[in-house]
Amino acid sequence: MTSAPILSTSHLLGIEHLSVAEITGLLDLAETYAVLNRAQNKKTDVLKGRTLINMFFESSTRTQSSFELAGKRLGADVMNMSVKTSSVSKGETLIDTATTLNAMRPDILVVRHQDSGAAELLARKLDCCVVNAGDGSHEHPTQALLDALTIRRRGRAFEGLIVAICGDVAHSRVARSNIHLLLKMGARVRLVAPRTLLPADADRFGCEIHHDMKSGLAGADIVMMLRLQLERMSGAFVPSTREYFHFYGLDHKKLAYAKPGALVMHPGPMNRGVEIDSAVADDIEVSLIQEQVEMGVAIRMAVLDALARGLASGGRNAP
Ligand code: ASP
């Protein structure tokens with residue numbers, strides 16, 4: 001028996017084009033995987049016989065390992081392509097590399113790439129499902145979904161929720177995906193950053209803009225901190241990391257501007273003492289950071305399951 005479809009397309013490229021029903025469907029399915037992941041036997045056979053390839057052109061700890069675990073727990077054969085030792089280092093293009101892998105008939109390709117639009121390009125060229133695991137500063141859909149799952153599991157409703165996204169918004173795919181998701185679900189989003197770390201068109205995002213933490217955090221339910229994405233910066237965007245921490249680093253003093261009971265999130269990797277103080281990051285009363293990592297596996301299982309349902313009902317590798 002095939003389970004009901006959740007996604008209307010055979011790829012997950014971003015949050016921008018997902019409907020509220022699709023987002024809610026993925027979160028609901030992920031809830032069941034969050035329960036399974038705490039059980040002794042964490043395996044199912046939803047992806048039995050399927051092949052998943054992880055192709056990461058940028059470094060990753062959480063995303064790559066959680067896609068690997070997610071695929072394995074669902075019973076798929078999982079291959080992690082090591083880009084450093086592949087022919088990419090000999091000058092092979094993204095399309096040629098992906099076409100080669102495609103010929104091995106994977107069912108799902110998970111890709112992270114430094115260029116915005118890379119995942120979409122592959123989705124147009126290849127005939128397997130493509131999941132965007134982060135493309136440049138464009139989107140990181142599974143991060144926004146896991147953040148939403150973490151918030152929802154803490155009993156917070158999205159409607160009217162005030163979320164302050166703070167730091168390097170300009171270079172952050174996490175910020176973009178979260179903005180799309182949170183606004184669709186009825187939350188109020190504030191962007192809190194110096195002018196140099198906001199995108200030029202930030203005023204068109206539908207968010208409130210703040211340049212200081214005091215006004216940006218006032219009354220916020222969720223404070224989401226972002227890393228300074230130095231790898232995407234040409235030149236200096238802040239005078240010094242010490243000064244940046246002074247004005248924008250989240251410590252308990254600045255957190256006190258937010259609503260009592262406000263929760264702190266960070267997609268990782270953290271730069272302690274730059275955008276976040278260890279005392280906040282490690283404070284289990286307020287920090288959701290470890291829970292975000294846990295929900296990352298559940299969300300990725302839900303995404304893979306949802307894509308496999310599409311395959312079962314007529315994709316290239318349909319039985
Ligand atoms: N891990 C997230 C990403 O890949 C956030 C970060 O790198 O700062 O975008």
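Note that the structure is a prediction, hence the values are computed from the model and not measured.
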Geometric cation-pi criterion R112 and F56, 6.0 Å radius, 45° cone: no

Charged tip of K254 within 45° of F245 ring normal and under 6.0 Å: yes

Between [X] and [Y], do the side chains contain an N or O donor and an N or O acceptor separated by less than 3.5 Å?
X: T150; Y: Q292; answer: no
X: S137; Y: R232; answer: no
X: E22; Y: S8; answer: yes

Electrostatic pair D96-K125, nearest N-O below 4.0 angstrom: no

Audit row: H138, R176, side-chain hydrogen bond (donor to acceptor under 3.5 Å, both in side chains) steps and yes/no: CA-CA 7 Å; H138 176 230; R176 275 176 191 71; over 6 Å; no

Closest non-hydrogen atom pair, A175 against V169: CB-CG1, 4.1 Å

Considering all heavy atoms, the nearest A306-I6 contact: CB-CB, 4.2 Å

Side chain proximity check, [X] to [Y], heavy atoms < 4.5 angstrom:
X: F67; Y: T142; value: yes
X: D147; Y: L182; value: no
X: E31; Y: R152; value: yes

Separation of I151 CD1 from N178 CG (nearest 0.5 Å): 7.0 Å

CG-CZ distance between L288 and R154, expressed to the nearest 0.5 angstrom: 5.0 Å

Taking atom [atom1] of [X] as the centre, report whether more than 12 heavy atoms of other residues, nucleotides or ligands fall under 6.0 Å from it.
X: E285; atom1: CD; result: no
X: E92; atom1: CD; result: yes
X: E120; atom1: CD; result: no
X: H252; atom1: NE2; result: yes

Of all pairs that satisfy side-chain hydrogen bond (donor to acceptor under 3.5 Å, both in side chains), the ones with a partner from residues 266-277, not counting sequence neighbours: H266-E275, R272-S278, R272-D282

